[in-house]
Amino acid sequence: MVEWVFVVPRVVWELSVELASWSANISLGFALELRTRNSVVMHVKFTINGKLYQVSPDQLPIDATLNTFIRTKAHLTGTKFMCLEGGCGVCIVNVVDTHPVTKQRITFSVNSCLFSVYSCHGMDILTVEGIGSKATGYHPVQERLAQFNGTQCGYCSPGMVMSMYSLLEANNGNVTMEDVEKGLAGNICRCTGYRPILDAFKSFAIDAPPEDQLARRALGIVCQPDIEDLPRAKCVGCERDCSAKSCFDETVELQFVPSDRRWFRVRTVDEIFDILREENAGVGEYILVAGNTGHGVYRRRKDLRLFIDVRNVEELRNYWIGSSVIVGANVTLSELIEILREAARTDRRFAYCVELARHVEEIAHPAVRHVGTIAGNLTLKHRHPEFPSDLYLLFAALGVEMTIGK
């Protein structure tokens with residue numbers, strides 16, 4: 001028996017799969033516990049390149065993206081925008097956030113054109129200006145791209161640089177050439193061609209061939225194998241790094257007038273249902289927000305009244321591996337890939353999970369998978385049957401049965 005349990009708006013979805021010759025379990029689940037709500041703040045705080053910003057409803061509308069804030073409020077135009085669908089990669093930035101389960105700081109790339117600015121509470125964000133510049137000195141990733149002639153018009157270059165920077169940061173500099181290729185899956189270049197870009201970034205790989213090492217020496221490039229040796233962005237005028245991580249535990253409640261729309265950032269499943277009851281929210285009046293990547297495929301309704309940010313609900317981001325594997329509904333697709341691989345290593349009954357992970361890795365690209373969730377993908381399929389959901393196809397092929405309970 002393979003089981004998946006996860007939450008979608010106002011219901012719990014439970015899926016089970018019967019396997020022929022043996023028994024194993026995988027679940028996406030949570031436990032409902034009665035908890036008191038945390039202290040509420042009426043704004044969101046985060047840093048960009050080490051500078052602290054505070055955003056309130058009177059500054060930007062409820063559907064404002066991180067890209068809009070970066071370009072129009074922080075006035076950092078190195079981060080571009082084009083498709084506004086998370087497809088071209090020119091808007092990619094680096095994010096450092098606190099994982100709601102481990103409480104450890106994690107780093108990843110994200111499409112700023114889709115990610116909501118009001119989801120950034122407690123995050124530290126880096127743009128291409130923040131990792132290096134003419135004034136402060138260029139980052140090795142920026143230098144390498146220039147040295148390998150990996151740019152022409154330059155419009156895609158900031159996104160390329162931030163994708164590679166995020167890949168190195170997330171893996172402590174220990175990346176392979178295959179990792180580099182996969183890491184740039186969400187970045188499009190229309191003039192340079194990918195050869196010099198890939199040559200530049202593959203030169204960071206631990207399995208770069210000797211001829212590439214000779215080429216680097218010929219170009220006067222000094223390799224730095226340890227990511228600790230790479231420069232870090234600091235806030236100008238500060239003697240210490242600035243961070244918004246202390247805001248992580250705060251619950252946010254924002255009132256947007258005169259539109260009477262509200263944004264909630266919650267920490268527990270109970271809070272979600274409490275808000276729906278208190279606000280008397282009917283179907284079609286609210287949306288649960290995680291990565292907001294679905295907005296790149298289907299534009300959200302304009303009459304939504306409530307936005308509930310569920311990224312930091314611990315019950316929905318947890319997982320367990322034992323006689324069964326239990327995975328939270330709000331686990332991101334990137335996390336799901338690693339969980340499936342861990343399950344395959346842990347127990348031979350889960351050996352098939354290697355193939356599942358490989359299939360999930362074909363969904364979208366890294367910047368989408370880093371914030372897009374399991375429940376979000378399947379809910380999109382539920383609301384739009386024509387949506388080509390790979391997860392839905394995978395579950396259908398496994399013979400998944402679904403039980404829905406309020």
Side-chain angles (χ1 to χ4, degrees), residues 6-11 30 40-41 43-46 55-57 60-69 84-86 95 97-100 108 110-123 125 247-248 250-256 259 261-276 279 281 283-317 328-335 364 367-384:
F6 56 95
V7 71
V8 294
R10 305 201 77 165
V11 297
F30 61 87
V40 177
V41 296
H43 55 258
V44 297
K45 291 195 294 186
F46 53 89
V55 189
S56 55
L60 287 170
I62 198 168
D63 56 357
T65 65
L66 174 58
N67 186 273
T68 297
F69 184 88
L84 301 180
E85 296 177 351
V95 170
D97 192 16
T98 302
H99 195 284
F108 51 89
V110 67
N111 290 108
S112 65
C113 74
L114 293 178
F115 201 72
S116 172
V117 69
Y118 293 108
S119 290
C120 293
H121 191 66
M123 294 182 177
I125 298 155
C247 306
F248 168 73
E250 295 176 334
T251 297
V252 175
E253 184 174 325
L254 306 175
Q255 176 75 45
F256 293 77
S259 63
R261 304 172 90 183
R262 304 184 73 182
W263 178 285
F264 297 89
R265 179 181 186 265
V266 298
R267 299 295 310 282
T268 69
V269 172
D270 287 329
E271 287 183 75
I272 299 174
F273 290 104
D274 287 345
I275 290 168
L276 293 176
E279 297 292 329
V283 176
E285 291 186 291
Y286 66 93
I287 185 172
L288 304 185
V289 182
N292 200 42
T293 56
H295 186 61
V297 185
Y298 297 100
R299 295 315 194 197
R300 73 174 72 85
R301 296 173 49 162
K302 295 186 179 298
D303 58 347
L304 290 170
R305 183 167 60 89
L306 303 178
F307 290 68
I308 305 175
D309 184 355
V310 296
R311 274 184 53 80
N312 294 294
V313 177
E314 182 176 344
E315 299 105 306
L316 302 182
R317 289 287 293 276
N330 224 27
V331 163
T332 68
L333 299 184
S334 291
E335 291 171 339
V368 167
R369 294 195 297 268
H370 290 156
V371 292
T373 66
I374 302 167
N377 184 285
L378 293 175
T379 301
L380 202 63
K381 177 67 174 179
H382 177 67
R383 292 182 178 275
H384 303 277

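In this chain, numbering begins with 1 at the start of the sequence shown.
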Not counting sequence neighbours, which residues clear salt bridge (charged side-chain N to carboxylate O under 4.0 Å, His left out) with R369? List them please. none
What residues form a ring-ring contact (aromatic ring centres under 6.0 Å, His included) with F69, not counting sequence neighbours? F46, Y53
side-chain contact (heavy atoms from CB on, under 4.5 Å) partner of V269, the single match among L316, V310, N330: L316
In short, Y286 meets A281 closest at the heavy-atom pair CD2-CB, 3.8 Å
To the nearest 0.5 angstrom, please state how far the CZ atom of F115 sits from the CD1 atom of I125. 8.0 Å
Is there a side-chain contact between D97 and R311 (heavy atoms, below 4.5 Å)? yes
Say you draw a straight line from CZ of R267 to CD1 of I272; how long is it, rounded to the nearest 0.5 Å? 12.0 Å
R262: what forms a side-chain hydrogen bond (donor to acceptor under 3.5 Å, both in side chains) with it, not counting sequence neighbours? E253, Q255, E279
Of all heavy-atom pairs linking T251 and R265, the shortest is CG2-O, 3.0 Å
Does the side chain of C120 come within less than 4.5 Å of L66's, by heavy atoms? yes
Would you call E315 and T268 a side-chain contact if the rule is heavy atoms closer than 4.5 Å? yes
Are T293 and V371 close enough that some pair of their side-chain heavy atoms sits under 4.5 Å apart? yes
Between N292 and R300, is any pair of side-chain heavy atoms under 4.5 Å apart? yes
Just how far is it from atom CD1 of I374 to atom OG1 of T379, taken to the nearest 0.5 Å? 11.0 Å
pair I275-I308: side-chain heavy atoms closer than 4.5 Å: yes
S116 versus F307: any side-chain heavy-atom pair under 4.5 Å? no
For N377, which residues count as a side chain to side chain contact (heavy atoms under 4.5 Å, CB included) partner, sequence neighbours excluded? I363, F387, S389, L391
Does the side chain of L304 reach to within under 4.5 Å of the side chain of R261, using non-hydrogen atoms? yes
Results of side-chain hydrogen bond (donor to acceptor under 3.5 Å, both in side chains) for T65 - residues two or more places apart only: T68
Looking only at heavy atoms, the pair that brings A290 and S119 closest together is O-OG, 4.4 Å
Please identify each residue that fulfils side chain to side chain contact (heavy atoms under 4.5 Å, CB included) with A364, with sequence neighbours left out. V368
For L84, the side chain to side chain contact (heavy atoms under 4.5 Å, CB included) test, sequence neighbours excluded, returns F81, C113, R299
What is the distance from atom CH2 of W263 to atom CD1 of I287, rounded to the nearest 0.5 Å? 9.0 Å
Contacts of type side-chain hydrogen bond (donor to acceptor under 3.5 Å, both in side chains), residue D63, not counting sequence neighbours: none
For S334, check side-chain hydrogen bond (donor to acceptor under 3.5 Å, both in side chains) against everything at least two apart and list the hits. none
Is it true that a side-chain atom of H121 and a backbone atom of K45 form a donor plus acceptor pair closer than 3.5 Å? yes
Which heavy atom of P100 sits nearest a heavy atom of N312, and at what distance? CB-O, 3.8 Å
Quick one: ring-ring contact (aromatic ring centres under 6.0 Å, His included) partners of F256, sequence neighbours excluded? Y118
